[in-house]
Amino acid sequence: MVSALAEHVAAAPLVDHHAHGAFTVEVERAEFEGHLNEGSPAPIPPWMTQFDSQLGFAVRRWCAPVLDLPEHAPADEYWKRRTELGVDEVTRRFLGGAGVSDWIVDTGYATSSLLGLEGMESASGARAHEVVRLEALAEELALDNVSGRDYADAFTARLAARAENAVGAKSILAYRTGFDIDLTPPSPAEVTAAADRWLDTGGDEPRLDDEVLIRFGLHAAIERGLPLQLHTGIGDRDLDLHRVNPLHLLDLLRATSDVPILLLHCYPYHREAGYLAQAFPNVHFDVGLGINHTGVRSVAVVAESFELAPFAKQLYSSDAWGPPELHYLGALLWRRAVTTTFGRWVADDDWSEADARRVVNMIAHENARRVYRL
Amino acid sequence: MVSALAEHVAAAPLVDHHAHGAFTVEVERAEFEGHLNEGSPAPIPPWMTQFDSQLGFAVRRWCAPVLDLPEHAPADEYWKRRTELGVDEVTRRFLGGAGVSDWIVDTGYATSSLLGLEGMESASGARAHEVVRLEALAEELALDNVSGRDYADAFTARLAARAENAVGAKSILAYRTGFDIDLTPPSPAEVTAAADRWLDTGGDEPRLDDEVLIRFGLHAAIERGLPLQLHTGIGDRDLDLHRVNPLHLLDLLRATSDVPILLLHCYPYHREAGYLAQAFPNVHFDVGLGINHTGVRSVAVVAESFELAPFAKQLYSSDAWGPPELHYLGALLWRRAVTTTFGRWVADDDWSEADARRVVNMIAHENARRVYRL
Amino acid sequence: MVSALAEHVAAAPLVDHHAHGAFTVEVERAEFEGHLNEGSPAPIPPWMTQFDSQLGFAVRRWCAPVLDLPEHAPADEYWKRRTELGVDEVTRRFLGGAGVSDWIVDTGYATSSLLGLEGMESASGARAHEVVRLEALAEELALDNVSGRDYADAFTARLAARAENAVGAKSILAYRTGFDIDLTPPSPAEVTAAADRWLDTGGDEPRLDDEVLIRFGLHAAIERGLPLQLHTGIGDRDLDLHRVNPLHLLDLLRATSDVPILLLHCYPYHREAGYLAQAFPNVHFDVGLGINHTGVRSVAVVAESFELAPFAKQLYSSDAWGPPELHYLGALLWRRAVTTTFGRWVADDDWSEADARRVVNMIAHENARRVYRL
């Protein structure tokens with residue numbers, strides 16, 4: 001019974017509803033190891049290797065065979081073989097092997113060294129869809145020398161244009177302001193004043209950290225009815241983790257009734273996210289980054305995500321960025337966690353096998369297809 | 001050994017130390033599904049059913065056989081059979097089958113469609129005891145046109161009268177103010193002024209949301225020495241979940257030394273509650289709502305509740321309100337969680353079986369009988 | 001395979017990187033039971049025994065055989081046998097049996113009834129190293145009648161002198177101020193003014209609770225490059241648990257780049273601590289107190305500590321103080337948790353056995369030897 005379920009999970013096509021592109025360039029090992037560490041922008045210290053972590057162990061266990069190595073191949077051998085195969089072959093193997101039918105791609109961050117939508121499609125044989133990062137859109141306006149007075153209209157118009165080809169929007173206010181601030185829509189006068197101030201700071205690499213303009217962007221996306229992804233929980237140490245607990249979004253959520261809100265990652269606040277997904281018909285969530293970065297412990301993390309939330313409110317994502325191992329491993333570990341967890345419940349007769357298969361389909365792709373109208 | 005333990009757990013009579021009445025009226029399916037969702041007052045969206053949740057799956061698994069259906073009966077069949085049997089028969093089966101010897105009933109909320117104490121007794125064959133909801137008592141005074149100047153005395157007198165037939169008091173300040181406010185006793189002058197203000201707002205359905213009067217009620221109950229139940233953790237989205245983490249009660253708890261304080265639900269802050277139950281001789285807790293609403297995952301939640309708290313400080317409750325499935329399922333899932341968890345510890349020789357039985361009795365009924373002097 | 005791993009774990013020498021001395025005096029049973037309760041300074045109520053807790057059950061299960069009693073011996077028999085053997089013999093058995101090669105001892109709290117470094121060494125046959133408690137050092141200065149103007153220099157000089165024979169420093173600002181305050185270094189003028197004020201309050205038992213002086217001490221230790229231990233998470237109820245979540249240290253951690261920071265205990269915020277250990281190359285953590293006080297549940301707590309943190313950033317500690325059962329049991333339960341957890345991962349082929357052994361060695365002693373330069 002469990003093994004029939006395992007086959008069902010293995011064959012279920014996944015919508016990875018929040019990913020980034022895979023690298024187009026060869027990277028050094030130090031940079032690669034840095035990408036196995038979500039939290040720190042600092043170099044890995046010389047007295048350790050990031051391979052000695054749950055994610056590193058999972059790469060050696062599950063990704064090594066994809067590169068024709070034995071399971072648990074030592075890090076040095078892994079690195080040697082990876083270099084030997086080259087970025088194109090490595091990418092093709094991992095993206096193609098993930099069992100993903102649709103990538104929903106945030107194209108808003110550091111994309112010059114990453115595959116775009118078309119590149120993701122041709123490397124994986126799957127469809128790719130775009131999500132517009134709201135803060136990046138504002139930063140484009142700054143580079144275009146929009147004036148403070150025109151900012152609101154220009155933002156709305158550009159969002160409308162981009163929404164033609166996008167399935168959703170994303171905000172990283174987690175990194176820029178935290179959630180424990182006033183998140184109501186600012187007045188037009190406030191927006192103009194804030195835009196005047198922020199645009200004035202100028203520079204070649206504008207970075208939107210103005211609270212008023214971030215709130216404006218958020219509400220512009222909500223008003224347009226775009227499914228809205230919000231980074232919550234773990235991320236790099238720029239953010240104050242306790243200030244991006246999704247519970248701080250309560251007032252914002254109370255003011256949005258129809259537009260789908262997608263809480264990303266959420267770890268270690270995934271129980272809180274599950275509560276919000278029960279309390280608000282429009283709130284959905286995933287455990288994104290919390291899967292890859294906990295390796296074998298992702299079984300426990302995924303199990304904890306099945307508590308309060310109705311099953312129609314959970315999605316799958318990898319949040320992979322850069323190494324295509326992450327696109328592959330996220331899918332593999334999610335499948336493994338679901339097979340183990342649901343398998344035990346079916347074996348103990350807590351769930352029926354038919355129900356387990358049904359829930360697998362909902363989270364693997366049905367919920368995402370409904371939310372993003374794929 | 002485990003199976004002897006299972007028999008012991010199955011036979012242990014339960015004191016459900018925090019419940020509400022079961023429905024006296026037939027409800028529509030939409031309303032029923034709404035009661036499987038603690039968090040949201042909004043209708044269940046048309047693209048989903050609340051049966052697709054851990055609680056819904058547990059109802060189909062464990063409650064269906066009580067209605068003569070096979071385990072995991074589909075939701076439509078469950079609903080058909082339930083309607084066919086009618087509210088009285090359904091209630092009798094679930095309340096009678098729970099293995100509860102004593103219900104401690106909060107009679108303070110929306111009780112017109114619910115069984116009262118006598119109704120609970122005759123439907124279940126068990127004893128029922130009352131808990132006085134402090135905010136409801138204040139709202140009665142408002143309907144009686146008490147003056148601001150008389151408020152404090154009238155409240156104290158009414159509480160004394162009600163305490164004759166009640167085993168404890170309950171406050172839902174979680175819903176009305178949150179815990180992160182000054183919780184010291186207000187002065188008499190403050191109470192009079194607040195009562196003048198609040199009583200003046202009038203209306204046919206007064207709702208006590210005044211901080212001063214809520215604090216006054218809380219301390220009136222403490223002074224009277226009544227065991228005091230406090231809703232903490234999950235509940236509907238009216239509350240700010242992060243503001244009802246029981247740790248915000250620390251200053252209040254430091255100021256109460258003898259009167260038993262009962263922290264209800266606590267999820268997802270049940271570890272914090274366990275800490276408080278270790279740190280304060282008068283603090284007790286349960287995982288109430290956290291059992292029914294997590295279904296099969298209640299095994300994990302109950303296991304997590306056995307960490308810091310001494311075993312004399314934990315109680316059982318269902319917090320069932322309305323559908324009698326919740327009165328039944330809470331008891332069943334608690335028994336299942338305890339059997340599984342303690343059973344593993346006994347099998348691994350971490351606990352002796354005699355100790356496991358002893359702890360079962362403490363939490364099933366002994367602690368509650370001591371606290372409420374049943 | 002699992003059993004070879006178990007043998008490896010059993011034989012791995014431990015560095016207990018945060019402990020206190022064992023009792024030198026006989027204590028009454030009431031006092032002993034009080035020491036099985038970390039949270040409460042109040043007497044155990046007469047209607048319960050602290051033996052009825054996870055820690056109490058673990059003492060009866062694992063410590064009883066060390067005193068020649070059967071496993072799970074009743075509390076009364078345990079106490080009788082313990083008294084019969086006397087403090088020296090009991091201490092010798094437990095300290096000697098812990099498999100600890102090095103104790104790193106905080107000598108700063110209530111040490112008159114505890115073994116010092118030499119006493120710990122002779123009772124256990126292991127090495128002992130000192131950690132300087134920063135707040136205790138300030139309190140020594142107060143007893144020496146240092147003036148406000150001389151405070152900063154005197155503190156720095158005394159710290160330098162003590163650092164000659166110490167392997168690290170420790171701060172208990174968790175108990176004195178909480179973490180959610182400004183933790184930047186104070187100016188010299190602020191230090192002098194604060195020292196004038198605080199030294200003036202005088203008394204025979206000065207207690208450093210001045211924020212400025214605590215911050216000054218913290219930064220004096222950081223500047224000297226001493227590995228810095230910080231109590232975080234659970235402790236007695238003097239502290240506001242939610243205000244000692246290590247996430248509130250983010251700003252402080254962002255300002256320290258090289259000196260090792262050791263977050264102690266962390267429970268129930270050990271996932272947050274694991275995040276910080278990933279995000280900052282100099283941050284390390286343990287689950288200290290969270291092991292002994294959760295007994296059989298320490299398996300789950302330890303497993304949760306293996307999520308985000310790289311394996312080079314985790315250490316072992318008991319935080320034992322007083323009863324030598326705690327020095328023994330911490331080591332035993334940690335070994336048991338690691339054997340169970342890693343054993344399952346190896347059995348499921350998620351980890352290789354060689355990797356599991358390697359990680360055991362890192363956490364048992366290698367990381368601590370590197371951090372403290374033992």
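No experiment lies behind these values; they were computed from the predicted model shown. Order of the sequence lines sets the chain letters (A, B, ...), proteins ahead of strands, with each chain counted from 1.
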Note to self: For a salt bridge (charged side-chain N to carboxylate O under 4.0 Å, His left out) check, start with the C-alpha distance between C:Glu211 and C:Arg176, then their side-chain angles and the critical distance, and finish with the verdict.
What the structure shows: CA-CA 8 Å; C:Glu211 281 190 21; C:Arg176 303 293 169 89; over 6 Å; no

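- In this structure, the ring of C:Phe57 has its center less than 6.0 angstrom from the ring center of B:Phe311.
- Heavy-atom distances place both the backbone and the side chain of B:Trp351 under 4.5 Å from chain C.
- Using a 4.5 Å cut-off between heavy atoms, B:Leu247 contacts chain C through both its backbone and its side chain.
- Most heavy-atom pairs under 4.5 Å with chain C, from the set B:Ala309, B:Gly274, B:Ala303: that is B:Ala303.
- Heavy atoms closer than 4.5 Å to chain B are found nowhere in C:Leu333, neither backbone nor side chain.
- Interface remark: C:Leu36 contributes backbone atoms only to the contact with chain B (heavy atom separation under 4.5 Å).
- Figure legend: B:Arg370 and C:Trp47 shown as a cation-pi pair, the cationic atom lying under 6.0 angstrom from the six-membered ring centre and within 45 degrees of its axis.
- Using a 3.5 Å distance cut-off with no hydrogens or angles, the side chains of B:His17 and B:Tyr372 do pair a donor with an acceptor.
- Contacts of B:Asp349 with chain C are made by both backbone and side-chain atoms, with heavy-atom separations under 4.5 Å.
- Interface residue C:Asp238: only backbone heavy atoms are found under 4.5 Å from chain B.
- For chain B, the option among C:His293, C:Met48, C:His242 with the highest count of heavy-atom pairs below 4.5 Å is C:His242.
- With a 4.5 Å cut-off on non-hydrogen atoms, B:Phe280 touches chain C through its backbone and its side chain both.
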Margin query: Show, in sequence, the C-alpha distance, side-chain angles and deciding distance for C:Asp52 and B:Arg358, and conclude whether the salt bridge (charged side-chain N to carboxylate O under 4.0 Å, His left out) test is met.
Written below: CA-CA 10 Å; C:Asp52 283 345; B:Arg358 214 159 47 79; 3.0 Å; yes

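- Taking the six-membered ring where the residue is Trp, the centroids of B:His265 and B:Phe285 are separated by 6.0 Å or more.
- You'll find the side chain of B:Glu304 reaches within 4.5 Å of the side chain of C:Arg297, heavy atoms only.
- For C:Gln54, the parts sitting under 4.5 Å from any heavy atom of chain B are the backbone and the side chain alike.
- For chain B, no part of C:Arg243 is nearby; none of its heavy atoms comes within less than 4.5 Å.
- For the set C:Gly56, C:Ala58, C:Gly235, C:Gly295, the count of heavy-atom pairs under 4.5 angstrom toward chain B peaks at C:Gly235.
- Both the backbone and the side chain of C:Glu38 come within less than 4.5 Å of a heavy atom of chain B.
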Checklist line | Verdict with reasoning, B:Asp102 to B:Arg127, per salt bridge (charged side-chain N to carboxylate O under 4.0 Å, His left out) | finding: CA-CA 5 Å; B:Asp102 295 80; B:Arg127 284 173 297 276; 2.9 Å; yes

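- If you measure heavy-atom distances from C:Phe51 to chain B, you find no contacts under 4.5 Å at all.
- C:Tyr316 and C:Trp334 have tilted rings, their planes meeting at an angle from 30° to 60° on a 0 to 90° scale.
- Of the listed residues (B:Leu308, B:Asn367, B:Asp348), the greatest number of heavy-atom pairs within a distance under 4.5 Å of chain C belongs to B:Leu308.
- Neither the backbone nor the side chain of B:Ala354 comes within less than 4.5 Å of any heavy atom in chain C.
- Both the sub-6.0 Å distance and the 45° axial angle are not jointly satisfied by C:Arg29 relative to the ring of C:Phe32.
- The parts of C:Asn37 that come within reach of chain B are both its backbone and its side chain, each placing non-hydrogen atoms under 4.5 angstrom from that chain.
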Note to self: If you apply the rule salt bridge (charged side-chain N to carboxylate O under 4.0 Å, His left out), what do you find for B:Glu307 with B:Arg271, and how did you get there?
What the structure shows: CA-CA 7 Å; B:Glu307 294 184 352; B:Arg271 281 178 155 164; 2.7 Å; yes

